[in-house]
Asks: 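Dropping a structure here in structure tokens format, bear with me for questions.
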Amino acid sequence: MPEGHSVHRLAQQFSDVFVGSAVRASSPQGRFAQGAELLDGMVMSRARAHGKQLFLDFSDGAATCSGVATRVLRVHLGLYGALDFGGDQTFAGASSIGAPRRIGEAEGSQIVGTEYVGPPEPVGAVRVRLVTDHGWGDLRGPTACEVLTVPEAELVIGKLGPDPLINQQGDRERFVQLLTRSKKSVGQQLMEQNILAGVGNIYRAELLFRQRLNPATLGSSVPSGAAASLWEDAVGAMNDGVRRGKIVTTGDPEVPHFVYQRNSQPCMRCGELVALRELAGRKLYWCPGCQ
DNA sequence: CCAAAATGTCTAG
DNA sequence: TAGACCTTTTGGC
């Protein structure tokens, strides 16, 4: 159950140990058999994330001169999708984010073995299995998993809001514009991927708390300076999440969140009890005392 | 063992 | 806004 930081870690993992290699693609579960067939044998040429979506580019390694036949595998893990990795020492050692690990609910759990003898028998419903000479990745439970053309992928990305983990030139101003032009509450808008890509329920709650913003505040009532601070805080907090492989907004891994899932407990800043209500079908946590 | 929950998004009404 | 969907893990009997 990933927010943007998990997906950016995945993109990094693929960049480190898949990009440049020919990939065998299959669908042990069967539901992605057609898509896997399209990709099987191609070379992964690029891996990137935008918000919560992962884009893996595949090129026909043999036909580079006559225009590269490129396909893009778009993956959205949704609420409970996950990827497992495993492989040999080269595979594990090349990763800049440490040993291959499961990215998902149990972020950080180890699965790498000492000797690599090829991928194990698929366990459970593996939608896609990607295998190189040095390792493998198993995808299960994604909300979205489809093969696109490059223009189709660009179209998807074009509809997304700015991603704090990309933080391109002009992104902060774009976010400020989008947020403050709307009368929807800031709490609601932070979950909208066309406003801010990559933020989910945890970062929403924690960022609003850190910025002392009440979730009910209208976007149009948020001063542009406060909106800019919110963006900068998202950049910092989410990059920290990428580094750690988990969300720790308090700085203390023992008590990782200020308000998320801390309803009815005293606020760590002012002592008031943390509140919980449902907003647009999702649980919203905040401190009525100091936000 | 079975139900519920989980860091999400879509669609119909 | 309710329901559907994708799958695993956890907690209660």
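Every heavy atom of this structure was used, including side-chain atoms; hydrogens, water molecules and symmetry mates were not. Residue numbering restarts at 1 for every chain, and letters A, B, ... go by the order of the sequence lines.
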Asks: State which residues pass side chain to side chain contact (heavy atoms under 4.5 Å, CB included) with A:A49; sequence neighbours excluded, sorted by chain then number.
Replies: A:V7, A:H8, A:A11

Asks: In this structure, how many angstroms lie between the P atom of C:dA4 and the CG atom of A:L79, rounded?
Replies: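 It is 16 Å, rounded to the nearest whole Å.
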
Asks: Not counting sequence neighbours, list each pair that qualifies as a salt bridge (Lys or Arg N to Asp or Glu O under 4.0 Å) and has a residue in residues 189-206 of chain A.
Replies: A:K184-A:E192

Asks: What's the closest nucleotide to the side chain of A:K283 if the choices are B:dA6, C:dT7, B:dT7?
Replies: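 Closest of the options to the side chain of A:K283: B:dA6.
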
Asks: Within this structure, what is the CD1-to-C1' distance between A:I195 and B:dG8, rounded to whole angstrom?
Replies: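 It works out to 17 Å between those atoms.
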
Asks: Determine, for A:D84 against A:R140, whether the closest basic-nitrogen to carboxylate-oxygen distance falls under 4.0 angstrom.
Replies: yes

Asks: To the nearest Å, how far apart are A:Q261 CD and B:dT7 P?
Replies: 6 Å

Asks: Out of A:R48, A:H76, A:R74, A:Q193, which one pairs with A:Q53 under the side chain to side chain donor-acceptor pair (under 3.5 Å) rule?
Replies: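 Single side chain to side chain donor-acceptor pair (under 3.5 Å) partner of A:Q53 among A:R48, A:H76, A:R74, A:Q193: A:R74.
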
Asks: C:dG3 and B:dA5: how far apart are their P atoms, nearest whole angstrom?
Replies: 15 Å

Asks: Are any of A:R204's side-chain N or O atoms less than 4.0 Å away from OP1 or OP2 of B:dT7?
Replies: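 Negative; the distance criterion is not met.
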
Asks: Ignoring hydrogens and angles, write down the donor-acceptor pairs under 3.5 Å from the side chains of residues 273-291 of chain A, residues two or more places apart or on other chains.
Replies:
unit_1 : atom_1 : unit_2 : atom_2 : d
A:Q291 : OE1    : A:C287 : N      : 2.7
A:Q291 : NE2    : A:L208 : O      : 3.3
A:Q291 : NE2    : A:L213 : O      : 2.9

Asks: Just the rounded figure in Å: distance from P of C:dC5 to CD of A:E146.
Replies: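 Answer to the nearest Å: 19 Å.
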
Asks: Once you apply a heavy-atom cut-off of 4.0 Å, does A:G281 come out as touching a base, just sugar-phosphate, or nothing?
Replies: nothing

Asks: For A:E192, report the nucleic acid contact type (base, sugar-phosphate, nothing); a contact means any heavy atom under 4.0 Å.
Replies: nothing

Asks: Listed by chain and number, what are the side chain to side chain contact (heavy atoms under 4.5 Å, CB included) partners of A:S21, not counting sequence neighbours?
Replies: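 If we apply the side chain to side chain contact (heavy atoms under 4.5 Å, CB included) test to A:S21, skipping adjacent residues, the hits are A:T132.
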
Asks: Side chain of A:N201, heavy atoms from C-beta onward: which of B:dA6, C:dT7, B:dG8 has the nearest atom to it?
Replies: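 Given the options B:dA6, C:dT7, B:dG8, the side chain of A:N201 is closest to B:dG8.
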
Asks: Could you tell me whether A:Y203 contacts a base, only the sugar-phosphate backbone, or nothing, with contacts defined as non-hydrogen atoms closer than 4.0 Å?
Replies: nothing

Asks: Determine the interatomic distance between P on C:dT8 and the same-named atom on B:dC10; round to the nearest Å.
Replies: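 It works out to 23 Å between them.
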
Asks: Just the rounded figure in Å: distance from P of C:dT7 to CZ of A:F32.
Replies: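 It is 13 Å, rounded to the nearest whole Å.
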
Asks: Let me check something: any side-chain donor-acceptor pairs from residues 217-231 of chain A under 3.5 Å, sequence neighbours excluded? List them with distances.
Replies:
unit_1 : atom_1 : unit_2 : atom_2 : d
A:T217 : OG1    : A:N214 : O      : 2.7
A:S229 : OG     : A:G225 : O      : 3.0
A:W231 : NE1    : A:N167 : OD1    : 3.1

Asks: Can you tell me how far C1' of C:dC5 sits from CZ of A:R31, to the nearest Å?
Replies: 9 Å

Asks: Grab the N/O contacts between the protein and nucleotides 9-13 of chain B below 3.5 Å, and write none if there aren't any.
Replies:
unit_1 : atom_1 : unit_2 : atom_2 : d
B:dT9  : OP1    : A:H76  : NE2    : 3.3
B:dT9  : OP2    : A:K52  : NZ     : 3.2

Asks: Rounded off to whole Å, could you give me the CG-to-P distance for the A:L165 and B:dT7 pair?
Replies: 19 Å

Asks: Find the distance A:L77:CG to C:dT9:C1' and express it as a whole number of Å.
Replies: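 From A:L77 CG to C:dT9 C1': 16 Å.
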
